[in-house]
Amino acid sequence: MTETRLRFPPSPTGYLHIGGARTALYNWLYAKKTGGKLILRIEDTDTGRSSAESIKGIIDGLEWLGIDYDEGPYFQTDFEADHIDASEKLLATGAAYKCFCTKEELEAKRQAALAAKKPLGYDRTCRNLSIEVIAAKEAAKIPAVVRFKVPDRCGLLGYDDKIFGRIEATYSEIDDFVIVRSNGKPLYLLCNVVDDIRDRITHIIRGQDHMTNTLKQVLLYEALEAPLPIFGHMPLTLDTKKAKISKRSHGEIVAVQFYRDNGFIPWAFNNFLALLGWSAGNDQEFFSKDELIRDFSLERINKSSAIFNYKKDDPKFITDPKAIYYNEHYLRSMAISELGKMVRKELEAENLWQECYASDKERWYLDTLTLIRDRFHTLKDFTSLGRAYFADDFIIDAKPLEKNVLKFAELQTWLPELAARYEKLNQFTLEETERVAREFAEELSIKPGILINAMRTVVTGQLAGPSMFDIILTIGRETVVRRLRDIEKFFNLV
RNA sequence: GUCCCCAUCGUCUAGUCAGGUCCAGGACAUCGGCCUUUCACGCCGACAACACCGGUUCAAAUCCGGUUGGGGACGCCA
């Protein structure tokens, strides 16, 4: 059995978006599963729209996701000679012909067909020009494109789609499509096939939007006398209005970069993407990398399109709730040392990282993450909601400030008094700190919650969090005492 | 307009190929409850779907036909 070879061929005309990422992921999974290779090929033949920035965005996005490739990146424009050779071969064998129709003529016919509600295809004007006419037009330097001559055959043209099953069409339905521009530059349909043949691609897993291209490309493989690879078309990812998602109409939210910049864990995002349109056939939702590679199959890709369920301007969910759910799951369950590395990057970016967190305070660092990660949703939360564990410049939210602090003016004396008692404590332990707080509340004839919640707010800035006494111990006596004594400033703030 | 594809809770899906075990299971979201010093943690529960019509069959989410709905393609883009 020959090695399986798959490719991911993005056109660098925008950032890597989730649809592209999912396509890359499925190709990667299948390559890994079959012990094959994944090739990255940048299809940059649209020189007007391709950009270096976009190439970088795509490569960075794949790297962040952890989708690695065995060959490439190759650049399609580097193989222009191959594409031209192929077109000349097709011209020579009569599988293609020159077409002298101008863009304007074509556009006029297209508009007319559209208006008359007639089929939109090319009318084959130049398909059977005589040798003399062609020679005359060439002599007159009339620019020409090269069109593929779709064979006049009865019967059906088709291929076996790994996901959709047998796909067929009649030959007459296929347009004589253009393979070389009038400026001599070859076009996608041809380049893509020539490159796949040269790269010995065995499986082409791509979006459903390519289905009609595939029919045309099957013809190209035949004319180029190359073996047909296995095709599989993935249903598209749609938005909540069931429109194809695109960077252009949906913006940042569909760019992979958005998830990197918003504290998502790469594998969690892959796991989410993998399950968007695929399932193992059971209820399993979380897959390790090895499990997903082992269990993934093309046949189990859902035939209907999946909806990326994000709501614009939702105050609670910045993206599809399920994507966040996967992230939370990994945030809470992954090895703490792994999480430690990810959070380190976040802390470094905010200038909150201290070298001792990796040496003598490593135990403290990891224990602190263990304590606070349960309530967090993204890596960003460690430097925002969890900032008080690492620095004094945390923000006090308005809601807890109002509810837990400002409501009780007496706290201005209570908390400093509590601080004094904590300072004198022989044993600064869970039991002792709690005992002291509760006894003090009793003396004051108030509910312990008043003291505890005020402490939480003053010490962490938050309305909610782990058990208060765990927090006290984690943050440490000195800092806790200092923050308790500083309560006055919150009242002065208002 | 022409061609292709698809159709189970709001969303992701299991079940469809090999019809009965499915008055349809899981997850997210939502709502309610419990726990608690707090909570967007955890636990428990509720709500909620086989698009429609016909056919085949003792029996249909499952097979067949049609309708409707949705998506995609129809470029000298990729």
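In what follows, chains carry the letters A, B, and so on, assigned in the order in which the sequence lines appear, proteins first and then strands, with residues in each chain numbered from 1. Quantities reported herein were computed from a predicted structural model and do not represent experimental measurements.
Relative to the side chain of A:Val178, the nucleotides B:G71, B:C5, B:C76 differ in distance, and B:C76 lies closest. Distances from the side chain of A:Asp283 to the nucleotides B:G25, B:C77, B:C5 place B:G25 closest. Considering only the side chain of A:Asn302, B:A14 comes nearest among B:U38, B:G75, B:A14. For A:Met211, whose side chain is taken as the heavy atoms from C-beta onward, the closest listed nucleotide among B:A14, B:C5, B:C76 is B:C5. Comparing B:C28, B:U8, B:A78 by their nearest atom to the side chain of A:Thr45 picks out B:A78. Across B:U38, B:A78, B:A27, the shortest atom-to-atom separation from the side chain of A:Lys322 is found for B:A27. Of the candidates B:C76, B:C41, B:A29, the closest approach to any side-chain atom of A:Arg375 belongs to B:C41. Comparing B:C39, B:G72, B:U38 by their closest approach to the side chain of A:Asn453 singles out B:U38. Closest to the side chain of A:Ile307, out of B:C12, B:G25, B:G75, is B:C12. Checking B:G72, B:C76, B:U13 against the side-chain heavy atoms of A:Ala306 singles out B:U13 as nearest.
For A:Ser467 and B:U37, a side-chain-to-base donor-acceptor distance below 3.5 Å is present, hydrogens and geometry of angles not being considered. A donor-acceptor contact under 3.5 angstrom links the side-chain atoms of A:Arg456 to the base of B:U37. Scanning atom types as modelled, one donor and one acceptor separated by under 3.5 angstrom connect the side chain of A:Asn213 and the base of B:A78.
Using a 4.0 Å heavy-atom criterion, one finds that A:Leu120 contacts the bases of the nucleic acid, with or without backbone contacts as well. As judged by a 4.0 angstrom heavy-atom cut-off over every strand, A:Pro448 is placed among residues making no nucleic acid contact. Contact annotation for A:Asn183: no contact, since no heavy-atom pair falls under 4.0 Å across all strands. Across all strands, A:Lys185 comes closer than 4.0 Å to no nucleic acid atom at all (heavy-atom distances). A:Ser279 comes within 4.0 angstrom of sugar-phosphate atoms only, judged by non-hydrogen atoms across all strands, and of no base. A:His233 comes within 4.0 angstrom of no nucleic acid atom, judged by non-hydrogen atoms across all strands. Contact annotation for A:Gly281: backbone-only contact, meaning every heavy-atom pair under 4.0 Å involves sugar-phosphate atoms and none involves a base. Residue A:Lys303 is classed as a sugar-phosphate contact, given heavy-atom separations below 4.0 Å to backbone atoms only. In this structure, A:Phe317 reaches the sugar-phosphate backbone alone: every heavy-atom distance under 4.0 Å involves primed, P, OP1 or OP2 atoms, never a base. Within the 4.0 angstrom heavy-atom criterion, no nucleotide atom of any strand lies near A:Leu451. Residue A:Leu463 is in base contact, counting any heavy-atom pair closer than 4.0 Å across all strands shown. If you check every strand for non-hydrogen atoms under 4.0 Å, A:Lys447 touches nothing. Across all strands, A:Pro466 comes closer than 4.0 Å to base atoms (heavy-atom distances).
Across B:C64 and B:A48, the matching C1' atoms stand 31 Å from one another, rounded to whole Å. Spacing of C1' atoms, B:C47 relative to B:A29, comes out at 12 Å, to the nearest Å. B:A24 and B:A49 have their C1' atoms separated by 9 Å, with the value rounded to a whole Å. Rounded to whole Å, the separation between the P atoms of B:C39 and B:C22 comes to 40 Å. Taking the P atom of each, B:G15 and B:C9 are spaced 16 Å apart, rounded to whole Å. For the P atoms, the distance from B:A14 to B:C31 is 27 Å, rounded to whole Å. Between B:U30 and B:U11, the two P atoms lie 16 Å apart (nearest whole Å).
Aromatic stacking of A:His210 on B:A78: satisfied, with centres closer than 5.5 Å and planes within an angle under 30 degrees.
A:Asp44 and A:Thr77 share a donor-acceptor pair across their side chains, judged by distance under 3.5 Å alone. At a cut-off of 3.5 Å, with distance as the only test, a side-chain donor of A:Thr170 or A:Glu173 sits close to an acceptor on the other residue. For the residue pair A:Arg206 / A:Thr214, a side-chain donor-acceptor distance below 3.5 Å is found, with atom types taken as modelled.
Both distances falling under 3.5 Å, in either a Watson-Crick or a G-U wobble arrangement, place B:G1 opposite B:C74. Across every strand in view, B:G69 sits in a pair with B:C6 that passes the Watson-Crick or G-U test at under 3.5 angstrom. Under the Watson-Crick and G-U wobble criteria, each requiring two contacts below 3.5 Å, nucleotide B:A61 is left unpaired. Pair assignment for B:A40: none, as no Watson-Crick or G-U wobble contacts are both less than 3.5 Å. Across all strands shown, B:C47 forms no Watson-Crick or G-U wobble pair with both key distances under 3.5 Å.
Atoms OH (A:Tyr188) and P (B:A78) sit 9 Å apart, rounded to a whole Å. Protein atom CZ of A:Arg206 is 16 Å distant from nucleotide atom P of B:C5, rounded to whole Å. With rounding to whole Å, A:Trp414 atom CH2 is found 19 Å from B:U37 atom P. Protein atom CG of A:Asp176 is 12 Å distant from nucleotide atom P of B:G75, rounded to whole Å. What separates CG of A:Asp46 from P of B:G75 is a distance of 16 Å, to the nearest Å. Atoms OH (A:Tyr325) and P (B:G26) sit 13 Å apart, rounded to a whole Å. At whole-Å resolution of the value, CG in A:Asp374 and C1' in B:C39 are 11 Å apart.
The side chain of A:Arg332 places no N or O atom within less than 4.0 Å of a non-bridging phosphate oxygen (OP1 or OP2) of B:C41. At the phosphate of B:U30, OP1 or OP2 sits under 4.0 Å from a side-chain N or O atom of A:Lys316. An OP1 or OP2 oxygen of B:C74 is reached within less than 4.0 angstrom by no side-chain nitrogen or oxygen of A:Thr212. The phosphate of B:C41 (OP1 or OP2) has no side-chain N or O of A:Arg373 nearer than 4.0 angstrom.
The cationic atom of A:Arg41 (NZ for Lys, CZ for Arg) does not lie both less than 6.0 Å from the six-membered ring centre of A:Phe8 and within 45° of the ring axis. Both the sub-6.0 Å distance and the 45° axial angle are not jointly satisfied by A:Arg166 relative to the ring of A:Tyr159.
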Practice item. Please report the C-alpha distance between A:Thr460 and A:Arg483 in whole Å, then the side-chain angles of each, then the deciding distance to 0.1 Å, and finally whether the side-chain hydrogen bond (donor to acceptor under 3.5 Å, both in side chains) criterion is met. Key: CA-CA 9 Å; A:Thr460 70; A:Arg483 290 182 186 169; over 6 Å; no
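By the 4.0 Å N-to-carboxylate-O rule, A:Glu107 lies close enough to A:Arg110 to be salt-bridged with it. Look at A:Glu442 and A:Arg438 and you find no salt bridge, because none of the NZ, NE, NH1 or NH2 atoms lies under 4.0 Å from a carboxylate O.
Along RNA chain B, the nucleotide nearest A:Gly277 and the nucleotide nearest A:Ile452 are compared for position; the residue whose nucleotide lies closer to the 5' end is A:Gly277. Map A:Asn309 and A:Val145 each onto its nearest nucleotide of RNA chain B; the residue landing nearer the 5' end is A:Asn309.
A:Leu385 has its side chain out of reach of A:Phe394: every pair of non-hydrogen atoms, C-beta onward, lies at least 4.5 Å apart.
Taking the six-membered ring for Trp and the full ring otherwise, the centers of A:His233 and A:Phe164 sit at least 6.0 Å from each other.
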